[in-house]
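Written below as structure tokens is the structure these notes are about.
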Amino acid sequence: ILSLLILQCLGSPGPYNDNRIVGGTVVEPYSIKYQASLLYRDSLFCGGTLVHPQWVVSASRQHTLICNRKKEGYEQIFDVLLIIKHYQFNYWNLDNDIMLLKLDRPAVINEVVSPVILPRTSTLQNFARCTVSGWGVTSVYGQSLSPELMSVDVDYFADCWYYYYFRITNNMICAGSTDGGRDSCQGDSGGPLVCNGRLEGIVSWGIGCAYAFYPGVYTNVRNYVSWIDWVIQNS
């Protein structure tokens, strides 16, 4: 049974690293209210984001990793009733790397658990400051996942094609640091990239972690708001 643990309170291979927090810090308690972790047999499957009381969004391609997560006592645990991958997901280039998971019951929305806002208005400006969070490795060659939820501020790069001209699509965006050292990494896959309070990206893939000329690649959530709404309303 795939279960989903909303961890709102934690202070918490080859050159392509598609599972993918380097250069970050432990999250201030109760500050990231939408973060979820997907578990399979008590092991971390990937990250996710609460977008509706009964729905979580994540990436389509996942891996299971061992992670001894620190628990604070405010977690909400759910079984997953339904998994819907995007109908045009491409395993080979990770285009349309997004899926929705329906929980067995609505989450209790309170001061420490709340859905993220989807990007329905305005536009995302080049070099906008964003935050990515997860339980992934905390160094480029790290071997163990973080027991605490970590986050790092990164910059949105509008010219993603410049770094990955060979496999970028319009459904992908990039974020990182021009000097390197700040990025999502192995174990963060499926987690949220939030800019200006809105979910703009889902951790998808990249070359290595935190390299100056290879920023993290994220699913462009703006392209899927209508699909997310349709699935929630019809499933």
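Residue numbers count from 1 along this sequence.
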Q. Do Arg167 and Trp161 meet the cation-pi criteria used here (NZ or CZ under 6.0 Å from the six-membered ring centre, within 45° of the axis)?
A. no
Q) Yes or no on ring-ring contact (aromatic ring centres under 6.0 Å, His included) for Tyr214 and Tyr164, after CA distance, side-chain angles and deciding distance? A) CA-CA 8 Å; Tyr214 293 110; Tyr164 297 105; 5.8 Å; yes
(Q) For a quick check under 3.5 Å, do Gln125 and Thr123 share a side-chain donor-acceptor pair by atom type? (A) yes
Q) Going through the distances and angles, do Tyr163 and Phe157 end up as a ring-ring contact (aromatic ring centres under 6.0 Å, His included)? A) CA-CA 10 Å; Tyr163 302 96; Phe157 298 149; 5.6 Å; yes
Q) How about Asn171 and Asp95: does a side-chain donor come under 3.5 Å of a side-chain acceptor? A) yes
Q: Kindly state each residue pair satisfying side chain to side chain donor-acceptor pair (under 3.5 Å) with at least one member in residues 172-182, sequence neighbours excluded.
A: Ser177-Arg182
**Q.** Heavy atoms of other groups near Asn170 CG, more than 12 under 6.0 Å
**A.** no
Q.
Is the shortest side-chain heavy-atom distance between His86 and Tyr224 below 4.5 Å?
A. yes
Q | side chain to side chain donor-acceptor pair (under 3.5 Å) between Tyr218 and Ser184, worked out | A | CA-CA 10 Å; Tyr218 300 79; Ser184 54; 3.2 Å; yes
Q) Pick one: which of Ile117, Val57, Leu50, Val225 meets side-chain contact (heavy atoms from CB on, under 4.5 Å) with Leu199? A) Val57
Q. With a 4.0 Å cut-off, would you call Arg120 and Asp229 a salt bridge?
A. yes
Q: Could I get the full list of side chain to side chain donor-acceptor pair (under 3.5 Å) partners for Arg129, not counting sequence neighbours?
A: Asp155
Q: Establish whether Ile202 and Tyr87 are linked, either directly or via other cluster members, by ILVMFWY side-chain heavy-atom contacts under 4.5 Å.
A: yes
Q: Considering non-hydrogen atoms only, spot the tightest contact between Met172 and Asn93 and give its length.
A: CE-O, 3.2 Å
**Q.** For Val203, the option from Asp188, Thr49, Asp97 that meets side-chain contact (heavy atoms from CB on, under 4.5 Å)
**A.** Asp188
